[in-house]
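Read through the structure below, which is laid out as structure tokens, and then see the notes.
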Amino acid sequence: MPIPDAYPLPAPPAALLAEVAGQCAQPVAGELQQLCDEVRARFGDALVALLFYGSCLRSGDPGEGLVDLYAIVDDYSRAHPSRLLQLANAWLPPNVLLLRTHTADGRLLQAKCAVLSLQDLERGTARWFQSYLWGRFAQPSRLVHCRDTQVERRVQAALARAVLSLLEQALPCQPEQFDSESLWQQALALSYGCELRPEAADRPVQLVRHDREHYRRLTLAAAPALAGLEAIAGETDRYRNRLPAAACRQGRRRWRLRRLQGRLLNVVRLVKASFTFEQGVDYVVWKLQRHLGEPIEISPRLRRHPLIFGWPLLWRLLRERRLR
């Protein structure tokens, strides 16, 4: 099934595309293949690409936690049998589902699989105000399944645009001079601050240091396409913020709006998750336990009526996030 282009989008710089393509093509642990097979069995011909990212990618061990996958589909109507799921995915992407399988030696593999159309991936990494997608996909990922070379090129271009979007939006918050490491640490901290995430405050620092050289190359490749970002002549990995003061003030205001919008959307996505896929209550409670740092008992009434009895948990989550 041919997939129409989302919008005419500018081509990212060739050097940036090459860096992203190189990251996408790096090998992954063989155990991941079983989860990929589960995703293909779930979505059939609707699946056009599968992206692997997150903490299990960085550790190299898919069995040590919950694997993060993004199933890229050609159309939500072909990906979901239910009209409710189709509408939920279109109105507030992505939908999320849990996948479980076992290795040959009996080890449990689990994945959190988000579902997104190729068009929404392209729009979300290039056009969305909210950083939900471009904040994620500016970070390293692997393209572990792809239907054809045309889809591969479009996915790689979307990932490259995510880098441009994140750096463009983070530049107004930078000092007059900086290096690529401090730029990415600040950019990821801004993006993480727009979500209800359980990570420690130094998580962006850890992420950038884990792939410091990759982020240095990304910055160098993206710089020519970013107005206001200027490489300092004669210095290695040093940049200057050339944006006028008014543009910096406006950019910082946009991040304040993103934080408000993003946290509200996170709550709505948690509510949506409680009824849009199997084991939704278990998934939401798992997320809340990570955020709150303590076990949560799933009572019979919470399992039967999550939209009624889940609000006290969400209120605790919002309150503790505001106090951080």
Side-chain angles (χ1 to χ4, degrees), residues 24 27-82 84-90 92-118 120-121 124 132-133 136-137 139-147 151 155 195 197-198 266 269-291 296 298 303 306:
C24 285
V28 297
E31 289 178 321
L32 190 69
Q33 186 60 47
Q34 293 173 252
L35 286 171
C36 295
D37 292 342
E38 289 289 317
V39 176
R40 284 196 290 268
R42 179 73 178 241
F43 296 107
D45 292 341
L47 183 73
V48 299
L50 185 62
L51 287 160
F52 170 41
Y53 73 106
S55 59
C56 289
L57 170 60
R58 290 186 292 274
S59 73
D61 184 2
E64 77 162 9
L66 195 63
V67 173
D68 288 296
L69 298 173
Y70 253 83
I72 310 301
V73 300
D74 54 12
D75 192 278
Y76 294 132
S77 65
R78 283 168 30 92
H80 301 297
S82 156
L84 172 63
L85 292 176
Q86 295 166 18
L87 292 174
N89 217 156
L92 186 61
N95 281 6
V96 182
L97 57 95
L98 292 177
L99 298 174
R100 291 188 175 97
T101 187
H102 288 83
T103 64
D105 60 3
R107 191 160 68 136
L108 176 66
L109 295 178
Q110 300 185 95
K112 178 185 68 175
C113 183
V115 185
L116 192 71
S117 72
L118 180 57
D120 277 347
L121 175 68
Y132 188 87
L133 285 183
R136 277 170 171 74
F137 287 121
Q139 301 175 57
S141 58
R142 303 287 186 270
L143 187 55
V144 293
H145 168 76
C146 201
R147 188 169 73 182
V151 170
V155 171
E195 298 186 39
R197 302 179 70 111
N266 263 227
R269 284 189 174 98
L270 283 172
V271 172
K272 185 184 82 166
S274 69
F275 65 89
T276 55
F277 67 90
E278 316 95 88
Q279 299 171 311
V281 172
D282 300 87
Y283 170 71
V284 172
V285 167
W286 173 81
K287 291 274 287 185
L288 291 174
Q289 286 178 155
R290 292 185 70 209
H291 288 302
I296 296 173
I298 304 178
R303 191 174 292 281

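Taken to the nearest 0.5 Å, the NE2 atom of His145 stands 8.5 Å off from the SG atom of Cys36. Between the CG atom of Leu87 and the OG atom of Ser82 there is a distance of 8.0 Å, given to the nearest 0.5 Å. Here the CG-OG distance, from Asp74 to Ser117, works out to 9.0 Å after rounding to the nearest 0.5 Å. A distance of 9.5 Å separates CG in Leu85 from CG in Leu97, rounded to the nearest 0.5 Å. We find the NZ-CD distance between Lys112 and Gln110 to be 12.5 Å, quoted to the nearest 0.5 Å. To the nearest 0.5 Å, atoms CG (Leu109) and CG (Leu35) are separated by 5.0 Å.
The side-chain heavy atoms of Val28 and Val144, taken from C-beta on, include a pair separated by under 4.5 Å. Residues Glu31 and Arg107 are in side-chain contact: their nearest non-hydrogen atoms beyond the backbone lie under 4.5 Å apart. Residues His80 and Asn95 are in side-chain contact: their nearest non-hydrogen atoms beyond the backbone lie under 4.5 Å apart. By the 4.5 Å heavy-atom criterion applied to side chains, Leu118 and Val155 are counted as neighbours.
Scored by the side-chain contact (heavy atoms from CB on, under 4.5 Å) test, Asp45 finds Arg78 as partners (sequence neighbours excluded). Judged as a ring-ring contact (aromatic ring centres under 6.0 Å, His included), and not counting sequence neighbours, the contacts of Tyr53 are Tyr70, Phe137.
Nearest heavy-atom pair, Leu57 versus Pro140, reported as atom, atom and distance to 0.1 Å: CD2-O, 3.6 Å. Considering every non-hydrogen atom in both Gly60 and Ala29, the closest pair reads O-CB, 3.8 Å. Across Val39 and Leu99, no two heavy atoms sit closer than the pair CG2-CD1, 3.4 Å.
When only modelled atom types and interatomic distance are considered, Tyr76 and Asp120 share a side-chain donor-acceptor pair under 3.5 Å.
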Can Leu143 and Leu51 be said to form a side chain to side chain contact (heavy atoms under 4.5 Å, CB included), step by step? CA-CA 5 Å; Leu143 187 55; Leu51 287 160; 3.9 Å; yes

Do Val73 and Val48 pass the side chain to side chain contact (heavy atoms under 4.5 Å, CB included) test, and can you show the C-alpha distance, the side-chain angles, and the key distance before you say yes or no? CA-CA 5 Å; Val73 300; Val48 299; 5.8 Å; no

After noting the C-alpha distance and the side-chain angles of Val115 and Val96, does the key distance pass the side chain to side chain contact (heavy atoms under 4.5 Å, CB included) rule? CA-CA 6 Å; Val115 185; Val96 182; over 6 Å; no

Step-by-step side chain to side chain contact (heavy atoms under 4.5 Å, CB included) determination, Val151 to Ile72: CA-CA 10 Å; Val151 170; Ile72 310 301; over 6 Å; no

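Electrostatic pairing of Arg136 and Asp68 does not count as a salt bridge here, judged by no charged N lying under 4.0 Å from a carboxylate O. A salt bridge between Arg269 and Glu195 is absent, with no side-chain N of the basic residue lying under 4.0 Å from a carboxylate O of the acidic one.
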